Every structure is written in C-alpha cells, then in structure tokens.
Amino acid sequence: MRISKYMFHTYKEIPSDAQVVSHQLMVRSGMIKKLSAGIYTYMPMLLRTIRKIEGIIREEMNKSGAIELLMPMVLPAELWIESGRWSYYGAELLRFKDRKGADFCLGPTHEEIITDIARQELKSYKDLPKNLYQIQTKFRDEARPRFGLMRGREFLMKDAYSFHTTEEDAKREYWNMYETYVRIFKRCGLKFRAVSAATGNIGGTLSHEFQVLADSGEDEILACNQCDYAANVEMAACHFVENPSVESSNKYTEVETPNKRTVEEVCRFLDVIPSRLIKTILYIADGKPYAFLVRGDFDINESKVKALLKCDELRLANDKEIVDITKAPVGFAGPIGLGIDIFADYSVKGLSGAVVGANKADTHLKGVNVERDIKDIKGFYDIRFAKPGEICPQCRKGIYERFRGIEVGQIFYLGTKYSARMNAEFLDRDGQKKPMIMGCYGIGIGRTAAAAIEQYHDKDGIIWPMPIAPFEVHLMCIGTDSEEVVRRGEELYKKLLSLNVEVLFDDRDERPGVLFKDADLIGIPIRVSVSKKSIEKGGVEVKLRREKASQIVPFERFADDIKRLISEEYKYYSGGEGVQ
RNA sequence: CGGGGCGUAGCGCAGCCUGGUUUAGCGCGCUUGCCUUGGGAGCAAGAGGUCGGUGGUUCAAAUCCACUCGCCCCGACCA
C-alpha cells in the first residue's frame, strides 16, 4: 500500500481527553476516530490489526473444534424476559422499540440467543457436545466509557458458548478453551497471565481471566512468586493466619471513645494496633441484614461475601439502616448483642484482647475474646482481600506479588444457569430429559489491540508485535529529489509485493524528520529506508522498530534478508512470551 | 448514579470575569509558490467559524441569565 493512496493522517499533539497511552497513540496515529462517548471508527490501519487478531482467534478456535456462526445484534425482548435478564440487566442494556412498538435491545452478550438456538437444534445426546462462536459487535451502555478502545460502549468481541451432556465434559471443554486462549494470546505476542476470577453477574462457579500485564491496567492481580497460583484480587484466596493469644481479663469492658469512628482514630485513641481491632461491617443481602467481621488491618471483600451468601443483590447498609440495626450512630457497630447473623473472616478467629464497637454512641469494648464473647458467629470464612506480601495459600512457600492487568479474555463454567431457566434440554441415552451443561468464553478484540499498545510502546509511538502489526514492512524514500532514490524505492516496493510481504510504502515527498516520526508513531515492526546515503553504502537501511541499531543490506541480498527477518520477528513474538 | 469541569476552524487553545475597537484571534494541520532534504525546517500568500442548541435580558450577546444537548475527569458500578 502506498501512503499517498491510503487513508492515513497523524497528529503531533496528544489529545487532551486521552488518559492512557494506548488511547493517546491510537488517536495520534490516526487509527481511531471518536464518534460519541465510547463509540469509535476503526480507521484502515487499525482495521488491519483487528483483522489479524480475528484471524488468529478463528484459526485457534477452529483448530479446537469450535464452530463459527453469526447471531443478530438487534435482539427481541422475549428471550431476555424469559431468562429474567430483561429486568435484571439494568441500564447497560440499550433498549428501544420498533415501528410496531415491540421491545428490542442491542446485544451486550448472547447467552439467551445461543441457548434458544441450542434448545431447538440440539435435541439428543448425539448432538452434543457443541461449541459455537461468533465475532461480532457488542453494545453495552456503560455508565462511564473511558480509555479509548479499552472500555467502549460499542466493541468487537469473540464470544463462544458450549453445550454438554455432563459436567465432566463441560469442564473438559473449559480447559480446552483455557489452552486455546493461551495459544491465542501467545500468538498475538502478548505477555499475559491466566488468573482465577470472580464470575460476577454472568454466574457459574469456575472462571479464569486472561490478563495482559500492564501498569495502566484496570485490574489488580495477586500472583505467587513461587508457584503457579494467580488470581484477580477479587478472588485471591487468603492464607489462614494464627492470632497469638493475649492475656486478657475474664470479661471485656466498655471504654469511652468520643467521636472515634475509624480504625485509625480508635487505634490511636486507645493505643492499640489495628490487628487487635475487629471491624463490623453491615450488608443488606436480598433485603436482609448481615454483619461481617474482619480484622482491623484487613479489608472486607464484597465479591467473596456475595459468593458466600449466594445472594442476587448485595449492598452496604446505609446510614439509616446502620442506626436501626445497631441502635447507635455510624462508627460504633459491634458484634456483641447485635441480633443478626454474623459471619467472620478467618483473620478474627482466635483473636483475644480485641477492641470492637459497642453498639452505643462514643463507646467501644476492649478485652474482647472472640470465641468466648461473640456468640452469634455463624462461622469463619475467607471474606477479606488478600494483600501483596502475604503467604501464598496454595504452596505456602511463596508470597503474593501485585500486578496490574488488562482483562482481554475470560472463560466461564456456567453449569445449567441458562439452560435450566430456558429449558434447553436434551434427551440422554437413558431416555431422560436433562438440562445441557454450558460454558462461555469471551475475548475483547479491540481491547486486545489496545493492550498490545500498552505493553509495547516507547516515547515515540507504538511498537506492534509482528503477528498483529498492520503491515510487516514500512518502506520509505529519503530525498525524493534524487532520481536514483525514487527508482530504487519503486523497485523495492515491487519486489516486496512480489514476495507477498505486507508493505506500507511511504512515497510522500516529505522531509526525513516527518518520515521517521510517522514511522515510529505507527510502529510497523521493520523499517526499510532508501536514501543517497544508503545507496552510497551499497544498499538499503533496515531497522527494527523495537531496536535502536540499523544495518545496511546490499540490494542483491535484500529479498532473502527481508524474508528471513520477517520470519524471525514472527518467531520473536510468538515464541511463548506468555506466563501461565 | 453522586461530585467536579469543559463545549469557539479538522486538532489544541485564547477571548467571556468587567457586553460595544475583534471584521472573533493564536499554534498545529490543510492549499499554492519559493526554499530546504537523515529526526515533526524557513518565508510568503490563501482556504476554513451559523462561538453546542433553544429561549430570555439589552440599543447591542461568544461574553449576562434560564433551560437543554453533548463531552471529559474523580468516585460508585461494570460477562
């Protein structure tokens, strides 16, 4: 492709509304154009990268036995009402009416649609298993779209759904997809990590996220520095820590703590360390209040609480509810005499000589002995956030390290959540009707491109990994006033085309500075430049975007050298950089 | 959804507080010419705006007021 014939324009200035590098560079390199909040046009250069990512995904999905189809994006309300998500999904579901006044929505995900197809088409155990996928535009009316393609409202996604006769077979496919995703992201040249994840609103019991490691990532990951355990901080299990027993009197005593509400204030006022304090946090789960205890130096983890209670809706109690439950102002809630179910984190087990709220204004209790004094505890559970530096609960040797990541893919074992609700049943060999066991598997395609830029860039621009670069070679002529330079450039362009190399030929009559700056900005992996200087040295200058040094390649060796270099670059990025 | 901010040329911004000498300006980009050619050159001449929208106040509104739409940031939320 000649730049003079291409749709391509770069910008010197960093857009003021772009906070993250990938967003800034995509705008500056003219790869995206914003139409509305979280809604972008993929310009030709970026579309080439998108198509490459899709190509890798298709190849690997097909190789793994999945079958591609394409479902509609405009979806009638009926199936959503049937699954219960028409009311449950909330404002993220963009709804509208057709001319007859019938309700429709734009598809944010397709469990309902595929389950409807499955129940019509897959009647027998002989039809199973099946794994169906599509690559399609999704729409979610995000409250706050941001960071360019990282969190848009309209975005491209590969979503796959599998149907099985047994739990074992669904789990086999789950791990098959796990391996497939590892291959996909490795082939994209990304450094990533598969981590245990919370299932959120989509439900199910087993899930992994594929996180591209980048400091700008929105997700926090804890990973063991010794073994292979890694999890989203929402999920990361906590190693049980013994609390040393402390001498205490036979009974706890009230102590005045005027206006001291926070852990920090109470600790300073009473001169105790936070690990001797017990926080009492009140939640309302499906309309019913519960209390949760966690040691003062830890934070409660709402995802874990939600998983423990198996509830649909969970929220912190508001100020009025806290006053109603504790009969005290906010800040003095405590577990003794509370009269509602109490769940405690392991971190308070065996704690003695502790400080808790007294359910009485400006008062705490000290010398509390958990097992002796707090009668209403339903049990001890892992309901807190793990912290970096803590012992790994799996190997008990390493410690947690903190990473930031961009979630580019997630896989779920769903069980019968949708099939049961929507009567997606098959006839088993024993003649019994049974609900299909399901899994689902997603990859954010635009986000993968953005994550690649987050991971591979420098101060001058993007450094595309070869497998997903828009072009393989960036050819330029420096000094177009020289006939020889132009002639050589044209020759090389034709040569590269004949070798089936994907080449972008910068044939503009621009000064060298402009050519170099643009080449660095758009980040094509191999740069080939012809100039009087290079011709004097008997060839062309060849430079990798990811390296500083360049070399002169003689014209007669050009074809062989460039082909070798291209294949080396593919290997460099696809050689299993990923960490599992 | 709570809090804050911003809408002026394709992009980035000034002007607004204190209404009228501003014919609405600057930088980048764009067009034409000259010049220059290894890291976003220089000179000259140009094109490009219903100042987000609607209504109001006023002799007079980019500027003041009200409403409205859009966008951005922090937080909450988020298969």
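Nothing here was measured: the structure is a model prediction, and the numbers come from that model. Proteins get letters first, then strands, A, B, ... in listed order; numbering begins at 1 in each.
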Enquirer: Can you measure A:Glu142 atom CD to B:G75 atom P for me and round it to whole angstrom units?
Expert: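 Value for this atom pair: 15 Å.
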Enquirer: So what does A:Arg315 hit on the nucleic acid, given a heavy-atom distance under 4.0 Å: a base, only sugar-phosphate, or nothing?
Expert: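 Contact class for A:Arg315: none.
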Enquirer: I'd like the C1' distance from B:G38 over to B:C72, given in whole Å.
Expert: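 After rounding to an integer number of Å, I get 40 Å for this pair.
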Enquirer: Rounded to whole Å, please give me the gap between CD1 in A:Ile14 and P in B:G29.
Expert: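 Distance check: A:Ile14 CD1 to B:G29 P gives 16 Å.
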Enquirer: Is A:Ser36 near enough to B:C71 that one of its side-chain N or O atoms lies under 4.0 angstrom from OP1 or OP2?
Expert: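 Checking B:C71 against A:Ser36, a side-chain N or O does come within under 4.0 Å of OP1 or OP2.
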Enquirer: Where the side chain of A:Ser531 is defined as all heavy atoms beyond and including C-beta, which of B:C72, B:C78, B:G38 is the nearest nucleotide?
Expert: B:G38
Enquirer: For A:Ile39 and B:C72, give me the distance from atom CD1 to atom P, rounded to whole Å.
Expert: 10 Å
Enquirer: I need the CD-C1' distance between A:Glu218 and B:C78, as an integer number of Å.
Expert: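 These atoms are roughly 9 Å apart.
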Enquirer: Give a yes/no answer on whether the side chain of A:Arg511 brings an N or O atom under 4.0 Å of OP1 or OP2 in B:A41.
Expert: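 It does, given that an N or O in the side chain of A:Arg511 lies less than 4.0 Å from OP1 or OP2 of B:A41.
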Enquirer: Considering every strand and a 4.0 Å limit on heavy-atom distances, what is the contact class for A:Asp481: base, sugar-phosphate, or nothing?
Expert: nothing
Enquirer: Which nucleotide wins on minimum distance to the side chain of A:Lys517, given the candidates B:C11, B:G38, B:G40?
Expert: B:G40
Enquirer: Which nucleotide, if any, forms a Watson-Crick or G-U wobble pair with B:C64, using both distances under 3.5 Å?
Expert: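 B:G56 is the nucleotide pairing with B:C64.
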Enquirer: In whole angstroms, how far is the P atom of B:G40 from the CG atom of A:Asp509?
Expert: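 These atoms are roughly 17 Å apart.
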Enquirer: Roughly how many Å is it from CD1 in A:Ile32 to P in B:C11, rounded to a whole number?
Expert: 14 Å
Enquirer: I'd like to know whether the aromatic ring centres of A:Tyr178 and A:Phe210 sit less than 6.0 Å apart in this structure.
Expert: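 Centroid distance A:Tyr178-A:Phe210: below 6.0 Å, so yes.
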Enquirer: Is it true that a side-chain atom of A:Gln136 and a backbone atom of A:Leu70 form a donor plus acceptor pair closer than 3.5 Å?
Expert: no
Enquirer: Assign A:Arg508 to base, sugar-phosphate, or nothing according to its heavy-atom contacts below 4.0 angstrom with the strands shown.
Expert: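 Nothing: the residue A:Arg508, judged by heavy atoms under 4.0 Å, touches no strand.
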Enquirer: Report the distance from atom CZ of A:Arg85 to atom P of B:C78, rounded to the nearest whole Å.
Expert: 14 Å
Enquirer: Of all the nucleotides listed (B:C74, B:G40, B:G38), which has the minimum atom distance to the side chain of A:Arg144?
Expert: B:C74
Enquirer: Can you tell which of B:A41, B:C77, B:C11 lies closest to the side chain of A:Glu302?
Expert: B:C77
Enquirer: Could one point to a donor on the side chain of A:Asp520 or the base of B:G39 with an acceptor on the other under 3.5 Å away?
Expert: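 Side chain to base: pair present.
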Enquirer: Ignoring hydrogens and angles, state whether a donor on the side chain of A:Glu541 or A:Ser550 is under 3.5 Å from an acceptor on the partner side chain.
Expert: yes
Enquirer: What's the closest nucleotide to the A:Glu13 side chain, out of B:G39, B:C73, B:G12?
Expert: B:G12
Enquirer: Between atom NE2 in A:His474 and atom C1' in B:G39, what is the gap in whole Å?
Expert: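 The distance from NE2 of A:His474 to C1' of B:G39 comes to 13 Å, rounded to the nearest Å.
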Enquirer: Describe the nucleic acid contact of A:Glu541 in one word from base, sugar-phosphate, nothing, applying a heavy-atom distance below 4.0 Å.
Expert: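 The residue A:Glu541 makes base contact.
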Enquirer: Strictly by Watson-Crick or wobble contacts shorter than 3.5 Å, is anything paired with B:C43, and which nucleotide is it?
Expert: B:G33
Enquirer: Under 4.0 angstrom, heavy atoms only, what part of the nucleic acid is A:Ala37 near: base, sugar-phosphate, or nothing?
Expert: sugar-phosphate
Enquirer: Does B:C26 have a Watson-Crick or wobble partner in any strand here, with both distances under 3.5 angstrom, and which is it?
Expert: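 Because both required distances fall under 3.5 Å, B:C26 counts as paired with B:G12.
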Enquirer: According to a strict under-4.0 Å criterion, is A:Lys12 in side-chain N/O contact with OP1 or OP2 of B:G29?
Expert: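 It does, given that an N or O in the side chain of A:Lys12 lies less than 4.0 Å from OP1 or OP2 of B:G29.
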Enquirer: Which comes earlier along RNA chain B counting from the 5' end, the contact point of A:Ala18 or that of A:His9, where each point is its nearest nucleotide?
Expert: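 This one resolves to A:His9.
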Enquirer: What I want to check is whether the side chains of A:Tyr161 and A:Thr115 have a donor and an acceptor closer together than 3.5 Å.
Expert: no
Enquirer: Does a side chain donor of either A:Tyr89 or A:Arg95 reach within less than 3.5 Å of an acceptor in the other side chain?
Expert: no
Enquirer: Establish, from distance only, whether the side-chain atoms of A:Ser207 and A:Gln410 form a donor-acceptor pair under 3.5 Å.
Expert: yes
Enquirer: Classify the nucleic acid contact of A:Asp518 as base, sugar-phosphate or nothing, counting any heavy atom under 4.0 Å across all strands shown.
Expert: base
Enquirer: So what does A:Pro15 hit on the nucleic acid, given a heavy-atom distance under 4.0 Å: a base, only sugar-phosphate, or nothing?
Expert: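 Here A:Pro15 touches no strand at all.
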Enquirer: Let's test this: given Watson-Crick or G-U wobble pairing with both distances under 3.5 Å, identify the partner of B:G70.
Expert: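 Across any shown strand, B:G70 pairs with B:C6.
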Enquirer: Looking at B:G75, which nucleotide sits across from it as a Watson-Crick or G-U wobble partner, both distances under 3.5 angstrom, or is there none?
Expert: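 Here B:G75 is engaged in a pair, and the nucleotide opposite it is B:C1.
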Enquirer: Heavy atoms from C-beta onward define the side chain here; which of B:G40, B:G38, B:A76 lies closest to that of A:Arg28?
Expert: B:G40
Enquirer: If you pin A:Lys34 and A:His110 to their nearest nucleotides in RNA chain B, which one's is more 5'?
Expert: A:Lys34
Enquirer: What closest approach, in Å, do A:Ala452 and A:Trp464 show between heavy atoms, and which atom pair accounts for it?
Expert: CB-CZ3, 4.3 Å
